[in-house]
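First up is the structure itself, then whatever we jot down about it.
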Number of protein chains: 2
Amino acid sequence: MEKNIKILSAEPASAKPSTPPSRLKITEALKVLLRDKDFNSITTAEISRMAHVNEALIYRYFIDKRGLLHAVLSDYLQEFVANLTFDLKGIHGAINKIQKFVWASIHYYDDDRVFSKIQLLEVRNFPGYFDSETYQMVRKYAGLLMEIIEEGIESGDIRNDIAPSSIRQLILGAIEHCCLPAIIFDHKIDNDAMADNLCEILFHGITRKI
Amino acid sequence: MEKNIKILSAEPASAKPSTPPSRLKITEALKVLLRDKDFNSITTAEISRMAHVNEALIYRYFIDKRGLLHAVLSDYLQEFVANLTFDLKGIHGAINKIQKFVWASIHYYDDDRVFSKIQLLEVRNFPGYFDSETYQMVRKYAGLLMEIIEEGIESGDIRNDIAPSSIRQLILGAIEHCCLPAIIFDHKIDNDAMADNLCEILFHGITRKI
DNA sequence: TTTATTATGTAAGTATATATTACTTATACT
DNA sequence: AGTATAAGTAATATATACTTACATAATAAA
């Protein structure tokens, strides 16, 4: 009993000496392999070989192969949400914030294709994912957007006759689906153009006025 | 040689006696199993048991387990695209057509959850999918929408200062992402409300006018 | 220094799944 | 009847995720 308490208190949240080096080697190895192959085609043997680590170590640090994938995604999301939260600071008005939110999201998907592949292609087919800690990070990301929308409705910048959740889902879906072809067929994204196009439709609609 | 001709000509497109009964049993069995389990968790043994068919028959009629999944999805898409094409007939104006397109898409996702699960969750993690015949059906579906958008730009109903492909991607992504929670967490969709919300944003934007 | 603990390393093995093979039986056509 | 094709099957090959049981090295506590 006392042992457990000791272990926990021995890891201050500030410094992070807790992460074992082999654990890191494993996550990095999976990232490298995911650049060229899909998750299902990557074997645990391959991961351990690439990480210069014994195969059984994967199961010491992660529940299973999928748990490892979730852990990798979780790291990405943690960083993404932290950056995005910071980037939104100091921006005034819901419209400007949404513009930034859209641009930054596209930027992140464009910037790290391993992240985008995991997030958009690899995790959703696994039912357990939506009960996972990792998925809670996605909810946090979506929550950021929701707050902005509600702020916009409050201030009168955004119409109050549409459910905020509909607006949120439309934005998130639009971002993902706009990035998807580039991720699947592996070509570059014109970040500015895509964000502008998307926001223009979002803010003013597709119908021609007058 | 003559034999092949005979075989082909012996299958008039009207009647469809060509499909071997066991092949149909297999696809139906997979559909049933997909109601409760994800594709990865379903074994070929399970499929054959459910279909009352020998396991090896799966590999006679389909390339592999994934090929079977693609075949099932292909059937769904064939029907969906055919229905949608018909449903759009007689509707005047791009705006009305888009409204119908959105409503019908949501309806189809809501109506058959096996279809939606395959389409939105199960196939995208497999790289080969995007080279498959089945994916060409998806492109056909997206093509229908693209035609409407171009018609709308032509007629002046839709703004001509945004790339049509951006509009298409936004619409498709919005539809999918709005349906996704209901599919994942298995609850009903309010088809009318969702379509109206989505189209309202799409046509007029989220900013408050005046 | 001794002891305990934790991190790491490894070999061998299990269980389960996909897919193949080689072969048999039924059906349909000429 | 005879032939070709479709349908059916058992046995097996092969690969892979995951487990077990144990060994070693480093570190920290006593």
Side-chain angles (χ1 to χ4, degrees), chain A residues 1-12 15-30 33-34 37-72 122 125-126 128, chain B residues 1-12 15-30 33-34 37-72 122 125-126 128:
Chain A
M1 272 299 162
E2 298 107 290
K3 295 167 200 167
N4 285 331
I5 291 160
K6 204 159 197 184
I7 290 161
L8 284 167
S9 61
E11 294 174 12
K16 42 180 175 177
S18 64
T19 319
S22 293
R23 198 195 134 107
L24 222 145
K25 280 200 251 174
I26 292 166
T27 52
E28 289 307 310
L30 177 58
L33 291 167
L34 276 170
K37 302 178 78 173
D38 68 294
F39 180 67
N40 266 326
S41 309
I42 297 168
T43 66
T44 50
E46 217 171 344
I47 296 167
S48 63
R49 214 182 306 129
M50 171 72 62
H52 300 290
V53 142
N54 187 276
E55 198 177 336
L57 269 184
I58 294 170
Y59 298 93
R60 183 155 304 158
Y61 294 121
F62 308 95
I63 306 138
D64 53 18
K65 197 187 156 196
R66 268 224 121 76
L68 163 59
L69 181 69
H70 289 180
V72 169
E122 296 286 13
N125 66 322
F126 183 67
Chain B
M1 269 300 162
E2 297 109 288
K3 294 167 201 168
N4 284 332
I5 291 160
K6 203 160 197 183
I7 290 161
L8 285 167
S9 61
E11 296 173 13
K16 40 183 175 179
S18 64
T19 320
S22 293
R23 198 195 134 107
L24 222 147
K25 281 200 248 174
I26 292 166
T27 53
E28 288 307 310
L30 178 57
L33 290 167
L34 277 169
K37 303 178 79 171
D38 69 293
F39 180 68
N40 267 326
S41 309
I42 298 167
T43 66
T44 49
E46 216 171 346
I47 296 167
S48 62
R49 214 181 307 127
M50 171 73 62
H52 299 291
V53 143
N54 187 276
E55 200 175 335
L57 270 184
I58 294 170
Y59 298 93
R60 179 155 307 158
Y61 295 122
F62 309 94
I63 306 138
D64 52 17
K65 197 187 155 196
R66 268 225 120 76
L68 163 60
L69 181 69
H70 288 180
V72 169
E122 296 287 13
N125 66 321
F126 183 66

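Chain letters run A, B, ... following the sequence lines, proteins first, then strands; residues in each count from 1.
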Tell me if the side-chain of B/Arg60 makes a donor-acceptor pair with the base of D/dA7, cut-off 3.5 Å, by modelled atom types. yes
Euclidean distance, atom CG of residue B/Asn40 to atom P of C/dT16 [Å, nearest integer]: 17 Å
To the nearest Å, how far apart are B/Ile58 CD1 and C/dA17 P? 13 Å
Nearest whole angstrom, please: distance from the C1' of C/dA19 to the OH of B/Tyr61. 17 Å
Residue B/Glu55, side-chain heavy atoms: nucleotide from D/dG8, C/dT18, D/dA7 that is nearest: C/dT18
Without decimals, in angstroms, what is the distance between B/Leu57 CG and C/dT21 P? 16 Å
Euclidean distance, atom CD1 of residue A/Ile63 to atom P of D/dT19 [Å, nearest integer]: 11 Å
Any base atoms under 4.0 Å from B/Ile42, or only sugar-phosphate, or nothing? Heavy atoms, all strands. sugar-phosphate
Between C/dT20 and B/Tyr59, is there an OP1 or OP2 to side-chain N/O distance shorter than 4.0 Å? no
In Å and rounded to the nearest 0.5 Å, what is the CD to CD distance from A/Glu46 to A/Glu55? 11.0 Å
Minimum-distance nucleotide (side-chain atoms of A/Asn54 versus D/dC18, C/dG9, C/dT18): C/dG9
Passing candidate, side chain to side chain contact (heavy atoms under 4.5 Å, CB included) with B/Leu69, options B/Thr27, B/Ile42, B/Leu34, B/Asp64: B/Leu34
Looking at C/dA7, I'd like to know if its phosphate oxygens (OP1 or OP2) sit under 4.0 Å from a side-chain N or O belonging to A/Ser22. no
As a test of reading the structure: which of D/dA17, C/dT10, C/dG9 is closest to the side chain of A/Ala56, going by heavy atoms? C/dT10
Nearest-Å distance for atom pair CZ/C1', residues A/Arg49 and C/dT10: 16 Å
What's the separation between atom OG1 in A/Thr43 and atom NZ in A/Lys65, rounded to the nearest 0.5 Å? 7.0 Å
Between C1' of C/dA17 and NZ of B/Lys65, the distance in whole Å: 8 Å
Below the 4.0 Å mark, does C/dA17 have OP1 or OP2 next to a side-chain nitrogen or oxygen of B/Thr44? no
I want to check a possible cation-pi pair here: B/Lys25 against B/Tyr61, using under 6.0 Å from ring centre and within 45° of the ring axis as the test. no
Inter-residue atom distance A/Asn125.CG - A/Asn40.CG, 0.5 Å rounding: 7.0 Å
How many whole angstroms separate atom NZ of B/Lys25 from atom C1' of D/dT9? 14 Å
